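The structure under discussion appears below in the form of structure tokens.
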Amino acid sequence: MSQVGTLDAGSRHDLRVGLSPDAPDENDFRDDAKGAFGYAHSYETSSRYDGPGLRVVLFLSGCLLRCKYCHNPDTWHLKDGTYVSAQQVIDRLASFAPALRSLDGGLTISGGEPMVQLEFTRRIFAGAKRMKLHTAIETSGYLGARADDDFLANLDLILLDIKSSNPDTYKKTTGRELEPTLRFAERLAAMGKPTWIRFTLVPGLTDDPANVDGIAKFVAPMKNVQWVEVQPFHQMGAFKWKAMKIDYELADTPSAPPDLKKRVIEQFRAAGCNAR
Ligand code: SF4
């Protein structure tokens, strides 16, 4: 059993490793129905990037993907996070709630992959809803089948990463299958759940025009998708791979240049998406 700790404010760019060495492996993990405790990397208090308005962003530990471009490999394993109570997180959130409400913001839970700890995430979102906060989750959708309708009912917005449309490119990029993400996107569309699609543009890996077109044509008919956001790859997470001694294949990959981003945004727009 991990020791209950205190979650410090910080940033997604902080390197945090080895904080709960007794934590279970994220691949086998299912949190209990109460979700009273969980593993978290950090939280930021003033993001204007991860959903509408001013946001508190909670970064949870645990992810089953291994994206070659991941900026936060220190969120992959539960054992690298701090073991905290959901109540501690909710109490902390409460101190920001008036400011978040007045600035049309709310809570975004990101990771890692928040649905690895589905019950912990559910409990925190329920707390946020009691404070009348807007709620958003950032997810790869790989574990979307775990999300029951009650879980989704507490979410105002889904930030869904579609990392590629070509199944081989998706597998090469993430180590996992594309199919669960597509099925989750279709379910959100059928529910009319507000969604922003996010696509990380990596030169030489995800930038093939046909790969981009595949996402654009899949997403364009979905009326629930408000935005497609193109996120250029950068090297800000490289130091984490080095510090954790993980082989980093993209060490020599350049950041996505503005003209490449422009081309990809235009591809999405040509298909009928609101892209930025
Ligand atoms: S899904 Fe996100 S946290 Fe998980 S490996 Fe990919 S980029 Fe990293």
Side-chain angles (χ1 to χ4, degrees), residues 10-17 23 25-27 29 38-44 47 49-51 57-82 108-118 120-121 136-147 158-167 169-182 184-185 195-203 205-207 211 215 229-244 246-251 253 255-256:
S11 149
R12 67 195 82 191
H13 302 302
D14 297 339
L15 176 68
R16 295 189 177 173
V17 290
D25 187 295
E26 54 282 354
N27 286 287
F29 184 72
Y39 300 87
H41 176 275
S42 60
Y43 68 94
E44 293 177 3
S47 167
Y49 177 68
D50 302 282
V57 186
L58 174 66
F59 297 94
L60 294 186
S61 305
C63 186
L64 306 192
L65 275 57
R66 294 291 178 264
C67 301
K68 286 188 196 302
Y69 58 73
C70 184
H71 300 137
N72 295 305
D74 55 339
T75 64
W76 289 352
H77 306 296
L78 298 175
K79 67 182 169 62
D80 285 329
T82 305
T108 300
I109 302 186
S110 181
E113 166 53 60
M115 288 194 268
V116 167
Q117 302 183 79
L118 189 80
F120 184 59
T121 303
I137 189 170
E138 177 165 21
T139 175
S140 72
Y142 180 70
L143 299 176
R146 287 189 187 178
I158 315 287
L159 308 174
L160 178 64
D161 296 323
I162 302 186
K163 296 163 187 290
S164 276
S165 67
N166 179 306
T169 306
Y170 193 93
K171 185 85 192 275
K172 185 175 159 202
T173 302
T174 70
R176 295 282 183 171
E177 310 299 328
L178 167 64
E179 203 57 24
T181 298
L182 300 184
F184 188 54
T195 298
W196 296 0
I197 300 295
R198 292 182 147 187
F199 169 67
T200 304
L201 176 59
V202 187
L205 184 62
T206 66
D207 61 344
N211 188 42
I215 303 175
E229 296 190 318
V230 177
Q231 303 184 307
F233 166 75
H234 58 71
Q235 290 284 3
M236 284 176 71
F239 82 97
K240 293 192 177 185
W241 291 72
K242 192 168 176 198
M244 295 174 72
I246 318 167
D247 185 27
Y248 183 46
E249 284 181 36
L250 301 191
T253 299
S255 302

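The model shown is predicted, which means the values in this text are computed figures rather than measured ones. Just follow the structure's listing: the first ligand is 1, and inside any ligand the first atom is 1.
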**Q.** Sub-4.0 Å atoms of ligand 1 with respect to non-hydrogen atoms of G112
**A.** 3 (S)
Q | Within 45° cone and under 6.0 Å: R16 NZ/CZ vs Y39 ring | A | no
**Q.** Closest protein heavy atom (residue, atom, distance) for atom 4 (Fe) of ligand 1
**A.** C63 SG, 2.4 Å
Q. Do the ring planes of H71 and H234 sit parallel (below 30°), tilted (30 to 60°) or perpendicular (above 60°)?
A. parallel
Q. Quick check: does C70 put an N/O/S atom under 2.8 Å from atom 4 (Fe) of ligand 1?
A. no
Q. Okay, side chain of Q235, backbone of L250: is any donor-acceptor separation there less than 3.5 Å?
A. yes
Q.
Just to check, does W76 reach to within less than 4.0 Å of ligand 1 when the distance is taken from its heavy atoms?
A. yes
Q.
Please determine whether any non-hydrogen atom of L65 lies less than 4.0 Å from an atom of ligand 1.
A. yes
Q) So, is C67 placed with an N/O/S atom under 2.8 Å from atom 8 (Fe) of ligand 1, counting both backbone and side chain? A) no
Q) Looking at K163, which atoms of ligand 1 are within less than 4.0 Å of one of its heavy atoms? A) 1 (S), 6 (Fe), 7 (S)
**Q.** Salt bridge R66-E249, side-chain N to carboxylate O under 4.0 Å
**A.** no
Q) Any donor-acceptor pair under 3.5 Å linking the side chain of E26 with the backbone of L78? A) yes
Q | Closest contact, heavy atoms only, T206 versus S164 | A | CG2-OG, 3.9 Å
